[in-house]
Amino acid sequence: MQPWFENAKLGIFIHYGIYAVDGVAESWSFYNGHIPYEQYMKQLDGFTASKFDAEAWADLIEKSGAKYAVLTTKHHDGVALWDTKYSDLNVIQKTPAKRDIVKEYAEAIQKRGIHLGMYYSLIDWSHPDYPSVYEGGKVPEDLSTANRFSSPQDGVQDEERWQKFLEFNNNQLREILTNYGKVDLLWFDGDWERSAEQWNLPAFKEYLHTLNPDIIINSRLQGHGDYKTPEQGIPITRPEGPWEFCTTINTSWGYVPTDNKYKSLNQIIRMFCDCISMGGNMLLDIGPREDGTIDKRQEDILLGLGDWIRTHEEAVFGTEEGIMTRYYLGGSTVSKDRKTLYLFVYDDPKENVCLKGLCNPIKKITVLHSGKELSHEIHGGVPWFNIPGTTWIHMTPEDTHEQVTVLKLEFDEELEMYGGSGAVVTHN
């Protein structure tokens with residue numbers, strides 16, 4: 001695992017493809033029978049990327065505060081956004097765009113020092129050799145339940161064709177990992193349709209490391225990934241090890257013009273704070289229009305998030321996961337030397353912010369965005385049992401940031417929190 005990942009905190013996910021032409025769900029719209037496959041593929045004729053500007057994308061990603069980006073180089077529909085030699089189903093040969101989107105994206109991202117990520121679908125519902133075996137090699141009793149895009153309809157498995165498909169994946173991934181500079185992260189999807197054995201793991205991962213020994217791979221590799229990637233539902237319990245939470249700005253991954261159910265900027269910032277409080281990253285998704293432009297609502301959220309991050313940078317970067325919510329009913333992070341605690345105040349307090357279990361004397365408390373120093377008092381505690389009292393930080397709505405306020409608590413020694421059940425004293 002590369003150390004840059006856990007220090008990155010924020011990444012931007014980009015779902016871009018022909019599905020933006022009609023504004024339908026990427027790949028799933030034909031797989032689930034919402035529209036015919038042929039109708040879905042007619043979108044190739046309308047994909048122009050006429051206003052696609054990789055430099056503008058990279059500028060926006062940089063301004064968002066993100067340290068890495070992940071582009072859908074190929075979704076389950078099999079349409080590649082680069083000039084692949086192993087299939088003519090790509091935007092250079094099959095669409096009016098005739099541009100290597102991946103190449104332009106990679107160059108613009110790397111120029112700004114942002115870590116380069118590539119999404120790649122392991123499954124390909126357009127490839128003739130893909131539906132040649134069943135998940136786990138188990139033929140269903142009722143063949144009518146098998147989807148024609150992922151399973152052989154006649155019940156007959158063809159291992160030779162499956163091996164050809166694996167070779168196809170290897171060839172396309174070699175193009176991605178060797179033709180576009182140093183790729184830092186591979187974001188796989190679709191592993192659930194086959195077993196680890198069918199994906200030829202762990203040999204497949206070893207092959208990828210021969211192309212780039214430093215590559216980081218997400219968890220969608222049948223247990224052989226490097227970090228966990230919960231989707232849409234923010235974790236309640238911290239996942240073990242490195243992790244990121246991937247989520248959409250509205251409810252769609254790709255561009256769907258009728259999807260107006262947007263999360264507010266405040267909600268996005270709070271979700272981000274929740275992620276870094278638990279030692280994780282957030283991978284926030286945008287879906288550009290087919291011409292390559294980005295909806296202003298999505299752009300404004302990225303810019304607003306970036307403004308908040310820059311204002312509170314020291315509470316974000318170079319920090320570790322914070323204290324448990326049993327101590328403080330909100331998010332938090334701790335500096336690497338553990339002598340500074342940052343508290344995220346999500347709502348406007350009436351008169352105080354409450355912190356329980358703090359053993360350290362507080363040297364200073366400041367509001368990070370304004371520099372204003374706050375006073376505090378401690379009530380209770382049983383010093384002869386080393387049980388601390390409750391710390392009340394005096395804070396009112398006039399001290400708050402318009403989105404999420406950060407309080408900086410400084411100590412002379414490393415942070416120490418008490419987690420016991422309190423003292424039970426019997427009076428005779």
*Do Thr248 and Gln232 come close enough that some side-chain heavy atom pair is under 4.5 Å?*
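Yes, close enough: below the 4.5 Å cut-off.
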Do [Y] and [X] have ring centroids that are under 6.0 Å from one another?
| X | Y | result |
| --- | --- | --- |
| Trp125 | Trp28 | yes |
| His209 | Tyr207 | no |
| Trp253 | Tyr19 | no |
| Tyr16 | Phe47 | yes |
| Phe168 | Tyr86 | no |
| Tyr31 | His76 | no |

*Consider only side-chain N and O atoms of Asn266 and Gln403, and report whether a donor and an acceptor are under 3.5 Å apart.*
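The answer is yes; a qualifying pair exists.
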*asked:* If we check side-chain hydrogen bond (donor to acceptor under 3.5 Å, both in side chains) with Tyr342, which of these qualifies: Lys408, His312, Glu314?
replied: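 So the option named by the test is Glu314.
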*Apply salt bridge (Lys or Arg N to Asp or Glu O under 4.0 Å) to Arg310 and Asp307, showing your working.*
CA-CA 5 Å; Arg310 277 185 293 278; Asp307 285 343; 2.8 Å; yes
*salt bridge (Lys or Arg N to Asp or Glu O under 4.0 Å) between Lys51 and Asp53: does it pass, once the steps are laid out?*
CA-CA 6 Å; Lys51 297 179 181 178; Asp53 183 349; over 6 Å; no
*asked:* According to ring pair (Phe, Tyr, Trp, His ring centres under 6.0 Å), who are the partners of Tyr37, at least two apart in sequence or on a separate chain?
replied: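 Per chain and number, Tyr37 pairs via ring pair (Phe, Tyr, Trp, His ring centres under 6.0 Å) with Phe30, Phe149.
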Count the heavy atoms belonging to other residues, nucleotides or ligands that lie under 6.0 Å from [atom1] of [X], then report whether that count exceeds 12.
| X | atom1 | result |
| --- | --- | --- |
| Glu413 | CD | no |
| Lys164 | NZ | no |
| Lys103 | NZ | no |

_How close do Ile123 and Gly190 get, counting heavy atoms only, and between which atoms?_
CG2-O, 3.2 Å
*Search all heavy atoms of Ala315 against all heavy atoms of Leu368 and return the closest pair with its distance.*
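Residues Ala315 and Leu368, closest heavy atoms: CB-CD2, 3.9 Å.
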*Positive for ring-ring contact (aromatic ring centres under 6.0 Å, His included) with Phe5, one of Trp243, Tyr68, Trp187*: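 Output: one option passes, namely Tyr68.
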*Examine distances only and state if a side-chain atom of Thr333 and a backbone atom of Thr319 form a donor-acceptor pair shorter than 3.5 Å.*
no
_Checking side chain to side chain contact (heavy atoms under 4.5 Å, CB included) between Met118 and each of Phe188, Tyr180, Trp82, which is the one that passes?_
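Between Met118 and the candidates, side chain to side chain contact (heavy atoms under 4.5 Å, CB included) is satisfied uniquely by Tyr180.
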_Tell me whether the NZ or CZ atom of Arg338 lies within the 45° cone about the ring axis of Phe411 and under 6.0 Å from its centre._
no
*Using the ring of Phe317 (Phe, Tyr or Trp, six-membered ring only), decide whether Lys67 places NZ or CZ under 6.0 Å from its centre and within 45 degrees of its axis.*
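Relative to the ring axis of Phe317, which defines the angle, Lys67 lies inside both limits.
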_Spacing of CE belonging to Met282 relative to CG belonging to Leu305, to within rounding of 0.5 Å_ =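 These two atoms lie 5.5 Å from each other.
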